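Comments concern the structure below.
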Protein chains: 2
Amino acid sequence: MTTQPIYDVFENHCPARMVLDRLADKWALLILNGLKDGPVRFNSIRRNIKGISQKVLSQTLKKLERDGIISRAVFPTVPVTVEYALTPLGHTLTETVDALAHWAEDHMDSVVAAQQAYDAADGGRV
Amino acid sequence: MTTQPIYDVFENHCPARMVLDRLADKWALLILNGLKDGPVRFNSIRRNIKGISQKVLSQTLKKLERDGIISRAVFPTVPVTVEYALTPLGHTLTETVDALAHWAEDHMDSVVAAQQAYDAADGGRV
DNA sequence: CCGCATCCTATGGGATACTG
DNA sequence: CAGTATCCCATAGGATGCGG
């Protein structure tokens with residue numbers, strides 16, 4: 001109890017595990033990545049991220065807001081306008097999230113090649 | 001223009017989206033993180049990652065192997081010994097994955113605080 | 001335009017038991 | 001030790017329709 005406050009993602013009940021879990025979500029990662037250049041409106045995000053449903057977007061945004069990673073601003077226009085943006089806390093994430101997304105784009109070829117090699121060997125065993 | 005066939009994680013059918021999806025998995029992230037210091041045996045990984053089931057571990061390892069991110073080495077001892085390790089490709093990921101895990105550990109307090117504030121406000125509205 | 005509510009299916013993932 | 005195979009349930013998440 002004295003000096004055990006170091007958090008560890010490998011521990012089952014550590015809050016850090018929970019946080020990592022939130023981040024380990026493709027939709028969340030894509031949303032965060034989409035917000036890195038400034039506030040974006042709901043339907044704009046939705047259009048940017050191909051394939052996301054309105055429900056999932058809504059849910060994910062709310063979770064991220066609850067986590068203090070993004071903020072939600074409502075403008076009383078008619079009809080209403082809502083903008084989502086990264087909070088300062090959220091900004092500390094952009095680099096990392098960006099890195100992950102870029103890794104995916106950069107090494108995709110290698111991954112696809114590896115998959116084909118694997119399947120051609122005995123992975124595709126039937 | 002020169003290099004426009006750049007893949008885009010925001011595109012629905014882009015392979016990069018698939019790769020990101022693979023990475024956006026808390027178990028995969030934890031496994032990769034656990035392998036960053038060298039080869040580890042199956043049950044050892046399992047013990048290190050609290051709460052992972054043997055089924056999920058097995059599945060995730062296989063996927064990562066298929067993706068060429070980790071390698072699997074079998075030693076014909078009795079009983080058999082199997083070691084998992086990062087491939088060169090996998091090594092290019094460690095920094096990023098590490099960053100994500102560290103972010104979770106470092107900013108967990110802020111996240112938890114944000115959650116409580118959110119719930120105390122109107123998030124907990126019933 | 002923003003987003004909640006509902007329905008419904010597919011999948012993730014835990015527990016358990018068995019093989020090489 | 002290192003898995004594979006089942007069973008089985010909880011949840012994710014798509015589709016659709018309504019309300020502010």
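Computed over heavy atoms, backbone and side chain alike; hydrogens, waters and symmetry mates excluded. Every chain is numbered from 1, with letters handed out A, B, ... down the list of sequences. The model shown is predicted, which means the values in this text are computed figures rather than measured ones.
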For this session: Measure from the side-chain N and O atoms of A:R66 to the backbone N and O of B:A114, and report whether any donor-acceptor pair falls under 3.5 Å.
Result: no
Problem set entry | B:M108 side, atom CE; A:D8 side, atom CG - distance, nearest 0.5 Å | 10.0 Å
Exercise. To the nearest Å, how far apart are A:F42 CZ and C:dG3 P?
Worked result: 5 Å
Exercise. Roughly, in whole Å, what's the span from CD1 in A:I45 to P in C:dC1?
Worked result: 14 Å
For this session: Determine, step by step, whether B:N33 and B:D98 satisfy the side chain to side chain contact (heavy atoms under 4.5 Å, CB included) criterion, reporting the C-alpha distance in whole Å, the side-chain angles of both residues, the deciding distance to 0.1 Å, and the verdict.
Result: CA-CA 6 Å; B:N33 209 279; B:D98 225 39; 3.1 Å; yes
For this session: Starting at the 5' end of nucleotides 13-20 of chain D, put B wherever the base has a protein heavy atom under 4.0 Å, S where only the sugar-phosphate does, and a dash everywhere else.
Result: BBBB---B
For this session: Scan residues 92-111 of chain B for pairs that pass ring pair (Phe, Tyr, Trp, His ring centres under 6.0 Å), counting only residues two or more places apart or in two chains.
Result: B:W103-B:H107
For this session: For the pair A:L61 and A:F42, evaluate side chain to side chain contact (heavy atoms under 4.5 Å, CB included) and give the outcome as yes or no after the intermediate values.
Result: CA-CA 9 Å; A:L61 286 171; A:F42 186 87; 3.7 Å; yes
Exercise. What is the distance, rounded to the nearest whole Å, between atom CG of A:N43 and atom P of C:dC4?
Worked result: 13 Å
Problem set entry | Which residues share a side chain to side chain contact (heavy atoms under 4.5 Å, CB included) with B:R41, sequence neighbours left out | B:S44, B:T81, B:E83
Problem set entry | Side-chain N or O of B:R72 closer than 4.0 Å to phosphate OP1/OP2 of D:dG3 | yes
Problem set entry | B:E105 (side chain) donor-acceptor with A:V9 (main chain) under 3.5 angstrom | yes
Problem set entry | Spacing between A:I31 atom CD1 and C:dG3 atom C1', to the nearest angstrom | 14 Å
For this session: Mind calculating the distance between CG (B:L57) and C1' (C:dG14) to the nearest angstrom?
Result: 14 Å
Exercise. What's the CD1-C1' distance between B:I70 and D:dA2, to the nearest Å?
Worked result: 14 Å
For this session: Assign A:F75 to base, sugar-phosphate, or nothing according to its heavy-atom contacts below 4.0 angstrom with the strands shown.
Result: nothing
Problem set entry | Length of the line joining B:E65:CD and D:dG3:P, which is rounded to integer Å | 9 Å
Exercise. Is any side-chain N or O of B:S58 closer than 4.0 Å to OP1 or OP2 of D:dT4?
Worked result: yes
For this session: Report yes if at least one side-chain N or O of B:Y84 is closer than 4.0 Å to OP1 or OP2 of D:dG3; otherwise report no.
Result: yes
